[in-house]
Amino acid sequence: MALGTATSINAVFNDKDFKEGHGGHLARVTFTPRQIFLADDKERLRHDIELMKKDPAKAEEVKKLTAGRTVSTPMKIDAATWHSCVIELIGDELRVTLDEKQAAYLKSSGIAHPEKSDFYFAVAGESQFDEVRVWQAK
């Protein structure tokens, strides 16, 4: 991948039949020129938590419920350079390797959701991809 002029690239894993969370979102990896962000969207975007976020009095409760559901790894990603990238979801673990070096890691229960029926890239701006491969290991 090459970031190009994109401000972010999101690799998004969903389950279209999962109705307890926002849009069936389960997990995501976001690349920006300055960081890699990993998230357990199943647990951090639950409907009950989204409702609590609207009430400033529940901010501490939201913070406790979402603790450990994301990780942000500061990293300068050269937008003009092609980067090899591997994203792995194994059980409750999400791992990103960039240019053959471990770049980011998150372990969180929602990642282990058994069905991931939908995967896509959401790009803010223009970027390039080459040799994209997706598979399920058994």
Side-chain angles (χ1 to χ4, degrees):
M1 84 172 173
L3 279 173
T5 62
T7 55
S8 68
I9 296 172
N10 288 278
V12 183
F13 299 84
N14 296 337
D15 176 357
K16 61 182 168 67
D17 295 324
F18 178 67
K19 304 299 182 202
E20 290 90 46
H22 179 72
H25 294 309
L26 301 174
R28 80 181 51 240
V29 176
T30 303
F31 300 91
T32 74
R34 288 186 274 243
Q35 72 173 354
I36 299 176
F37 174 78
L38 281 61
D40 171 351
D41 286 350
K42 179 181 179 182
E43 294 300 329
R44 79 180 183 110
L45 299 178
R46 292 186 341 224
H47 293 308
D48 60 324
I49 293 173
E50 290 297 299
L51 285 173
M52 282 189 256
K53 286 179 182 176
K54 296 176 182 179
D55 183 353
K58 296 191 177 191
E60 283 303 313
E61 186 176 357
V62 168
K63 192 174 179 179
K64 286 178 188 175
L65 289 169
T66 58
R69 303 299 183 185
T70 65
V71 66
S72 181
T73 304
M75 178 176 299
K76 183 170 173 49
I77 301 175
D78 182 6
T81 300
W82 278 94
H83 301 278
S84 65
C85 177
V86 176
I87 299 171
E88 296 176 274
L89 286 103
I90 302 170
D92 61 356
E93 298 176 276
L94 176 56
R95 178 178 297 116
V96 176
T97 304
L98 191 66
D99 298 325
E100 300 181 13
K101 296 177 186 149
Q102 184 165 323
Y105 173 84
L106 175 64
K107 182 177 174 94
S108 186
S109 61
I111 295 168
H113 185 83
E115 182 69 31
K116 293 166 185 78
S117 59
D118 190 23
F119 170 79
Y120 60 89
F121 292 107
V123 180
E126 293 182 23
S127 63
Q128 296 179 331
F129 299 89
D130 190 19
E131 297 184 34
V132 174
R133 290 178 256 169
V134 179
W135 67 89
Q136 177 181 2
K138 300 247 179 188

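Note that these values count all heavy atoms, side chains included, but never hydrogens, waters or copies made by symmetry.
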So, the side chain of T70 versus the backbone of A39: is there a donor-acceptor pair under 3.5 Å, distance only? no
Could you point out which residue of R28, R69, H22 forms a side-chain hydrogen bond (donor to acceptor under 3.5 Å, both in side chains) with D41? R28
Smallest separation among heavy atoms of S109 and E43, with atom names: OG-CG, 3.9 Å
For residues F129 and F31: do they belong to one hydrophobic cluster (side chain heavy atoms under 4.5 Å, members Ile, Leu, Val, Met, Phe, Trp, Tyr)? yes
Step by step, work out the side chain to side chain contact (heavy atoms under 4.5 Å, CB included) result for L98 and M75. CA-CA 10 Å; L98 191 66; M75 178 176 299; 3.8 Å; yes
Side-chain (D78) to main-chain (A80) donor-acceptor, under 3.5 angstrom: yes
According to side-chain hydrogen bond (donor to acceptor under 3.5 Å, both in side chains), who are the partners of K53, at least two apart in sequence or on a separate chain? E50
Any donor-acceptor pair under 3.5 Å linking the side chain of T97 with the backbone of E100? no
Cluster question for you: counting only ILVMFWY and a side-chain heavy-atom cut-off of under 4.5 Å, with indirect links fine, are M1 and L89 together? yes
Closest heavy-atom contact between S72 and F37? CB-CD1, 4.2 Å
Basic-acidic side-chain contact under 4.0 Å: D92, K107: yes
Run the numbers on K64 and E61 for side chain to side chain contact (heavy atoms under 4.5 Å, CB included), then give the verdict. CA-CA 5 Å; K64 286 178 188 175; E61 186 176 357; 5.8 Å; no
Hey, quick one: are I77 and I87 part of the same hydrophobic cluster, counting side-chain heavy atoms closer than 4.5 Å, chains of contacts allowed? yes
Might you point out which heavy atoms bring E93 and I111 nearest each other, and give the distance in Å? O-CG2, 3.8 Å
Would you list the pairs meeting side-chain hydrogen bond (donor to acceptor under 3.5 Å, both in side chains) in which at least one residue belongs to residues 1-12, sequence neighbours left out? N10-T30
Which residue pairs satisfy the ring pair (Phe, Tyr, Trp, His ring centres under 6.0 Å) criterion with at least one member in residues 84-120, sequence neighbours excluded? F13-F119, F18-H113, F119-F121
Got a salt bridge between R133 and E131, using NZ or NE/NH1/NH2 to carboxylate O under 4.0 Å? yes
Please give me the minimum heavy-atom distance between V96 and C85, naming the atom from each residue. CG1-SG, 4.3 Å
Answer yes when R46 and D48 have at least one side-chain N-carboxylate O distance shorter than 4.0 Å, and no when they do not. yes
Nearest heavy-atom pair of E115 and L26: which atoms, and what distance? O-CD1, 3.2 Å
Indicate, with yes or no, if L3 and L38 share a hydrophobic cluster defined by side-chain heavy-atom contacts under 4.5 Å among Ile, Leu, Val, Met, Phe, Trp and Tyr. yes
Short question: side chain of D99, backbone of S84 - any donor-acceptor pair under 3.5 Å? yes
Grab the two heavy atoms, one from L94 and one from A27, that are nearest each other, plus how far apart they are. CD2-CB, 4.5 Å
Are I90 and V134 co-members of a hydrophobic cluster defined by side-chain heavy atoms under 4.5 Å apart? no
Would you say the side chain of H25 lies within less than 4.5 Å of the side chain of K42, judging by non-hydrogen atoms? no
